[in-house]
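Before any comments, here is the structure.
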Number of protein chains: 2
Amino acid sequence: MTASSSRTRRSRTAATPTPAPEDVVLTGKATINDIARLTGVSKKTVSRVINHSPLVHPETREKVLALMKQLGYTPDPQARGLAFRRSFLIGLVYDNPTAQFIVNMQYGALDALRDSGYELVVHPCDSSKEDYIESVRRFAQQQKLHGVILIPRVSEDEQLASALREIGVRYVRIASIPLDQAASMVVTHDRLAGTEAANYLESLGHRTIGLITGPRRYRSTIERGGGFLGGLDERGISLSPDYIYEGGYTFDSGVAGAEYLLAKSPRPTAIFACNDEMAAGVYKAAMRRGLSIPGDLSVVGYDDSPLASQLWPALTTIHSPIRDLGRMAAQMLLTDEPSPDAGAQPRTVTPQLVVRDSSQRPKP
Amino acid sequence: MTASSSRTRRSRTAATPTPAPEDVVLTGKATINDIARLTGVSKKTVSRVINHSPLVHPETREKVLALMKQLGYTPDPQARGLAFRRSFLIGLVYDNPTAQFIVNMQYGALDALRDSGYELVVHPCDSSKEDYIESVRRFAQQQKLHGVILIPRVSEDEQLASALREIGVRYVRIASIPLDQAASMVVTHDRLAGTEAANYLESLGHRTIGLITGPRRYRSTIERGGGFLGGLDERGISLSPDYIYEGGYTFDSGVAGAEYLLAKSPRPTAIFACNDEMAAGVYKAAMRRGLSIPGDLSVVGYDDSPLASQLWPALTTIHSPIRDLGRMAAQMLLTDEPSPDAGAQPRTVTPQLVVRDSSQRPKP
DNA sequence: CTGAAAGCGCTTACAG
DNA sequence: CTGAAAGCGCTTACAG
């Protein structure tokens with residue numbers, strides 16, 4: 001008797017003697033009924049094994065697990081989902097950051113989901129559109145997502161978070177400050193990293209420094225930029241507002257920012273760009289002007305994307321462990337529903353400075 | 001009566017008079033039973049409307065559609081999937097190409113899936129591992145995927161394709177030659193594009209030319225490289241084998257390839273790198289040696305990723321419409337099962353040369 | 001520790 | 001053109 005031929009008698013109860021396991025053919029399509037019948041227990045007991053219930057006799061469990069393994073049985077996620085009233089899908093919602101950022105985040109999340117039975121559904125969106133929250137809500141509700149990972153900038157949107165709360169979909173927000181209860185947050189301490197960049201440039205001897213930030217509406221702009229300015233300030237360097245350029249986290253805005261800053265007098269001897277893409281733009285502007293890096297200009301970036309080591313000279317930057325962040329967020333979603341503990345501290349990651357070849361002491 | 005309060009009497013038949021629509025509250029959780037009962041038709045008829053069956057009286061259809069819209073009803077994909085024995089998920093399977101490539105492909109696929117009720121599940125894998133085919137098979141079978149998009153290099157793996165055929169999962173393969181029946185292929189005519197690069201460099205007057213290919217195991221290597229060599233050959237230039245370097249489609253291999261080629265005598269006046277990442281590596285090697293681009297060395301890349309316009313000088317390259325490829329592949333999967341037509345031609349896309357600032361006539 | 005019944009929200013197979 | 005019954009493969013609620 002094969003597992004599949006047995007399906008014609010699915011509705012009978014499991015009173016027949018268990019056939020010798022050798023008779024069973026691996027079809028990869030066994031169901032809970034096959035497992036129940038062939039092991040001589042009820043569907044419910046098989047279900048208990050699937051769901052790791054402790055209320056199963058160890059021997060029974062072993063017998064069931066053995067047959068599952070032999071048949072290559074895995075429960076049907078759709079059937080489980082229908083009964084559970086939720087799916088085994090994790091959504092990744094984001095609004096157009098750089099390709100490398102998205103891909104690393106995906107790899108991280110997938111690291112955590114591997115062999116968990118959960119899958120990752122990607123959902124880019126455009127947060128500048130009026131109805132984007134409604135559209136994410138529909139996505140999450142329709143797919144009955146088990147959880148959602150939100151990355152900047154959508155992670156900073158309070159309305160999106162409350163829309164998800166309303167429909168009872170769990171989420172983890174990755175952001176540069178704690179915005180939510182600890183169980184829903186992964187915090188990257190961008191402020192400290194910004195300060196580290198400031199300390200580093202000051203310690204090299206730089207006094208005239210330019211800053212290219214991200215867009216004002218990103219929290220990371222406030223944190224990275226604020227940390228940087230605060231760090232300089234603590235060391236007695238006050239950076240005049242006209243040495244700050246608001247970029248857009250894009251290559252082109254890095255070029256524009258550097259064009260602006262390098263035209264100033266006195267010309268800055270160092271520029272901190274709040275991501276690597278913009279730092280690459282700074283390289284381009286510097287080359288155009290015939291300025292050498294780091295001889296005439298030190299550059300520090302942020303992210304430590306592959307780009308950073310591909311630039312020439314290799315870029316000094318802040319290493320942001322994006323893949324780890326994705327992994328942590330996904331892990332938190334797989335974890336059992338935590339009791340909201342108001343006193344708990346959110347998981348926090350502090351990016352670290354990586355010194356390469358784009359920075360040195362300024363020329364005397 | 002609200003849609004949700006009605007759920008307590010789900011098992012009754014729809015004999016009660018239809019309540020005034022104004023009484024109905026939008027909960028976003030209406031079911032097919034609610035729609036059936038409130039419109040006074042059977043579930044089956046509602047199901048026909050959902051599935052665009054022509055066997056529904058137009059008036060009935062209108063009535064049903066109107067209520068669906070009013071209640072914000074969308075069928076539960078899990079329940080549909082369970083009954084259909086397949087899900088509404090499209091898998092994207094790939095083996096570690098560049099971040100930009102993956103992300104563009106995802107955007108393209110999502111373009112086609114938008115508002116279709118289908119979602120995109122990403123599935124990177126490592127094709128160098130022994131059991132990767134088995135693992136993709138499990139993924140596709142377990143999730144009962146509606147279809148799979150395969151991109152190079154996994155798209156070129158005949159064993160993977162037949163594993164998917166065996167379990168009855170549709171797929172579309174994106175590759176640089178027709179490998180399968182037309183309905184399962186999107187072909188990028190890399191060979192022609194390679195030839196175009198050759199013609200271009202020859203027409204500029206280059207005679208000593210270097211080639212950095214992808215890895216031998218990629219079909220695109222044979223096509224791009226072969227097209228390039230063939231194009232040169234037709235114009236009377238035969239490229240000596242020691243001016244060909246087998247790269248790995250990575251930045252570092254581009255650096256290594258250029259180091260190798262630029263050390264040769266006579267030094268090539270132009271290099272064709274088979275993707276932009278490697279072309280960026282060529283830039284680095286050239287800069288290290290103090291060679292100016294395009295003054296001392298013309299460089300042509302392949303892909304036209306954002307990197308190409310970010311390099312300085314901007315890279316002359318072959319524009320590969322990756323997002324379009326993703327969109328086409330996903331569209332083909334959404335289309336009704338086509339009858340295998342042996343005579344049909346696969347959809348073909350020919351990448352085009354984009355001339356920027358990294359190429360010019362060689363110095364006399 | 002175990003199980004029979006009912007249900008999750010749909011569709012198929014059949015009948016009319 | 002329409003519908004009642006049975007089923008997809010699981011779980012919940014209840015009972016023992």
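Lettering of chains follows the sequences in order, A, B, ..., and the numbering in each one begins at 1. Values below: all heavy atoms of this structure, side chains included; hydrogens, waters and symmetry mates excluded.
Residue Pro54(B) is classed as a sugar-phosphate contact, given heavy-atom separations below 4.0 Å to backbone atoms only.
Look at Thr45(B) and you'll find a side-chain N or O under 4.0 angstrom from OP1 or OP2 of dG3(D). In this structure, Ser42(A) reaches the dG3(C) phosphate: one of its side-chain N or O atoms is under 4.0 Å from OP1 or OP2.
With sequence neighbours excluded, no residue forms a side-chain hydrogen bond (donor to acceptor under 3.5 Å, both in side chains) with Tyr94(A). Among residues two or more places apart in sequence or in another chain, the salt bridge (charged side-chain N to carboxylate O under 4.0 Å, His left out) test is passed with Asp111(A) by Arg114(A), Arg323(A), Arg327(A). Under the rule for a salt bridge (charged side-chain N to carboxylate O under 4.0 Å, His left out), Glu62(B) has no partner lying at least two apart in sequence or in another chain.
Note: CZ (Arg61(A)) to P (dT2(C)) measures 9 Å, nearest angstrom. Atom P of nucleotide dG9(D) and atom CZ of Arg80(B) are separated by 18 Å, given to the nearest angstrom. Rounded to whole angstrom, the span from the CD1 atom of Ile35(B) across to the P atom of dG9(C) amounts to 13 Å. Atom CG of Asp34(A) and atom C1' of dC8(D) are 13 Å apart (whole Å). Across the protein-nucleic acid pair, Leu55(A) atom CG and dC14(D) atom C1' stand 14 Å apart, rounded to whole Å. Going from atom NZ of Lys44(A) over to atom P of dG16(D) covers 17 Å, rounded to whole Å. Regarding Met68(A), its CE atom lies at a distance of 15 Å from the P atom of dG9(D), rounded to whole Å. Atoms CG (Asn51(B)) and P (dA13(C)) sit 13 Å apart, rounded to a whole Å.
Residues Met185(A) and Pro346(A) share a closest heavy-atom pair of CB-CB, 3.9 Å. When every heavy atom of Leu55(A) is checked against every heavy atom of Arg48(A), the shortest pair comes out as O-CD, 3.7 Å. Heavy-atom minimum distance, Lys43(B) versus Ile32(B): O-CD1, 3.6 Å.
Of the candidate nucleotides dT11(C), dT2(D), dG9(D), dT2(D) has the atom nearest to the side chain of Arg48(B). With dT11(C), dG9(C), dT2(D) as the choices, the nucleotide that has an atom nearest any side-chain atom of Thr60(B) turns out to be dT2(D). Checked against dG9(D), dT2(C), dG9(C), the side chain of Asp76(B) finds its nearest nucleotide in dG9(C). Taking the side chain of Ile32(A) as heavy atoms from C-beta on, and the options dA4(D), dA4(C), dG9(D), the nearest nucleotide is dG9(D).
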Table please: side-chain donor-acceptor pairs of residues 76-86 of chain A below 3.5 Å, with sequence neighbours left out.
from, atom 1, to, atom 2, distance (Å)
Asp76(A), OD1, Gln78(A), N, 2.6
Asp76(A), OD1, Ala79(A), N, 3.3
Asp76(A), OD1, Lys144(B), NZ, 3.4
Asp76(A), OD2, Lys144(B), NZ, 2.4
Gln78(A), NE2, Arg86(B), O, 3.4
Arg80(A), NH1, Asn51(A), OD1, 2.6
Arg85(A), NH1, Ala83(A), O, 2.6
Arg86(A), NH2, Tyr118(A), OH, 3.4

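Under a 4.0 Å N-O distance rule, the pair Arg138(B)/Glu134(B) qualifies as a salt bridge.
Across the interface with DNA chain D, nearest-nucleotide mapping of His57(B) and Lys43(B) shows His57(B) to be the residue nearer the 5′ end.
Side chains of Gln143(B) and Ser87(B): a donor-acceptor N/O pair is absent below 3.5 angstrom, by distance only.
Counting only Watson-Crick or G-U wobble pairs whose defining distances are both under 3.5 Å, the stems of 3 or more consecutive pairs in DNA chain C are C:1-3 with D:14-16, C:5-12 with D:5-12, C:14-16 with D:1-3.
The backbone N or O of Met332(A) sits less than 3.5 Å from a side-chain atom of Arg170(A), completing a donor-acceptor pair.
Against DNA chain D, the stretch residues 81-91 of chain B makes heavy-atom approaches under 4.0 Å through Leu82(B), Ala83(B), Arg85(B).
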